[in-house]
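Single-structure report; data block below.
As the structure lists them, so they are numbered: ligands from 1, and atoms in each ligand from 1.
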Amino acid sequence: MSLVVLDTISPATSLISCSMICMFSNYRKHAKEAVAYGWEVPSLENVKINWSSLTEAVQNHIKSVNWVTRVDLREKKIEYINGLGEFKDPHTVIATLKNGSKKELTAKNIVIAVGGRPHYPDIPGAKEYCISSDDIFSLSHPPGKTLVVGAGYIGLECAGFLNSLGYSATVLVRSVPLRGFDQQMASMVTNEMESKGVRFQHKCIPLSVEKLESGQLKARWLNTETKEQSEDVFDTVLLATGRYALTQQLNLPAAGVTSVSANGKIVAETEQTNVAHVFAVGDVLDGRPELTPVAIHAGRLLARRLFAGAAQLMDYDNVATTVFTPLEYGCVGLSEETAVQRYGADNLEIYHAFYKPTEFFIPQRNIRNCYLKAVARREAPQRVLGLHFVGPVAGEVIQGFAAAVKCGITMEQLMNTVGIHPTVAEEFTRLNITKRSGKDPNPASCCS
Ligand SMILES: *[C@@H]1O[C@H](CO)[C@@H](O)[C@H](O)[C@H]1NC(C)=O
Ligand SMILES: *[C@@H]1O[C@H](CO)[C@@H](O)[C@H](O)[C@H]1NC(C)=O
Ligand SMILES: *[C@@H]1O[C@H](CO)[C@@H](O)[C@H](O)[C@H]1NC(C)=O
């Protein structure tokens, strides 16, 4: 059996680097807090980012990831073709190579995994002057004062790390931040960002971006509630208004693929389209989480079903994820809103607590936004439907609990788990206050 991968760009995207930088961008904060532990830090004014060394490091990382991927493909005897593909008939794909020449490929099975590309709003100046999160680490100059349009997780991550790196960041929020995520947790994330100096313009949509003689960008936006228009001058305007699926150029009708939703995404339960030998995985799928590990896992299971006689299907529920904002937000399972919709508030018990991470004991940081909650069925043994955690290393915390939720953990079992002291993850084992009780979820020794 021979395998061919057809790809237009490099295999790795810059999204990996985005979260990588998010984790390191708090370095200045750590340096500041180290003083409380006795470190003599010469002068925090000298702790600043060198944009070109940062982008160089990121680009090198992406190059090495791409290199490893290519070596991997070669070792597995998979042919890699750099070209743009389109269907000619159900079993034939035409690849347009860089030099314009065309190559026809025929295959028994075809997997569509074209992913998405940044969506640019239809306003003057968007295409000419704005960048997307894909471009941020190819900027040859520091981003400076930045306007981020969009408050999904990519928008918030970018605004968060730009602010941590010392650049001014303003976020235009069209509806609500982190739409689709638990909204109470989302507000913890944005409150924390606001307290660190990120500005939010709520209910605002962009109108135009124009270039001034100084080279700076003048952005105008509209508050859709007050109908008020505002403008300000920025060095960079970063659009994070979602991504669209790259299905237009695929000439899907030639393959007979008709299961396409209004937004151009492919509808494929069990990753199979309406054409039995044409499959789809990843961000191109309609209604599935747009997360790389989800795509990888679904692809792996599909390959096993196609070629190894396996039957296991991808489970898209209970996929853990983390928003890498300065204070991270990790979650798995249902948000409180979705749980209420599905089960009714009377049938749920919500456990919650504010907590003080141990690393903040000595620096005495104000910790108003370190918070966690468990969404559970009310009837015994209170099966856990969702876990939510805002705080340091939320990604690390939620990963292990995700396995427990997938195994059907109950509140009883969670409360019977012995914590590791002192960690932030142990807070999940200490949860005992329900929202219904009305008791104060603040820790005893807290909150200056
Ligand atoms: C920033 O880093 C680049 C190389 O990565 C170096 O050439 C430059 O001198 C550095 N700038 C400063 C101000 O240190
Ligand atoms: C275009 O590139 C391909 C692959 O690199 C090569 O095989 C082909 O001969 C080239 N065609 C032209 C017209 O240069
Ligand atoms: C109950 O929760 C509070 C607040 O998080 C915590 O301080 C306390 O230790 C918990 N009690 C038990 C018995 O786990």
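The side chain to side chain contact (heavy atoms under 4.5 Å, CB included) check on I49 picks up L54, L165, Y167, with sequence neighbours excluded.
Here Y355 and F389 bring their ring centres to under 6.0 angstrom of each other.
The contact set between ligand 1 and S52, taken as ligand atoms under 4.0 Å from a residue heavy atom, comprises 1 (C), 2 (O), 3 (C). The contact set between ligand 1 and E56, taken as ligand atoms under 4.0 Å from a residue heavy atom, comprises 5 (O).
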Can I get a per-line list of side-chain donor-acceptor pairs under 3.5 Å for residues 197-210, giving both atom names and the distance, sequence neighbours left out?
residue, atom, partner, partner atom, Å
R199, NH2, S168, OG, 3.2
K203, NZ, S175, O, 3.2
S208, OG, R220, NE, 3.4

Identify every side-chain donor-acceptor pair in residues 248-260 under 3.5 Å, counting partners at least two apart or on other chains, and give the distances.
residue, atom, partner, partner atom, Å
N251, ND2, F87, O, 3.2
T258, OG1, N274, ND2, 3.0
S259, OG, V267, O, 3.2
S259, OG, N274, N, 3.4
S259, OG, N274, OD1, 3.2

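Note on E290 versus R243: no salt bridge recorded, every NZ/NE/NH1/NH2 to OD/OE distance being 4.0 Å or above. Using a cutoff of 4.0 Å between basic side-chain nitrogens and carboxylate oxygens, E271 and R305 are scored as salt-bridged.
Checked by atom type and distance alone, the side chain of N191 pairs as donor or acceptor with a backbone atom of S187 at under 3.5 Å.
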What are the distances between nitrogen or oxygen atoms of ligand 2 and protein nitrogen or oxygen atoms, counting only those under 3.5 Å?
residue, atom, partner, partner atom, Å
ligand 2, 2 (O), N99, ND2, 2.4
ligand 2, 11 (N), N99, ND2, 3.0
ligand 2, 14 (O), N99, ND2, 3.2

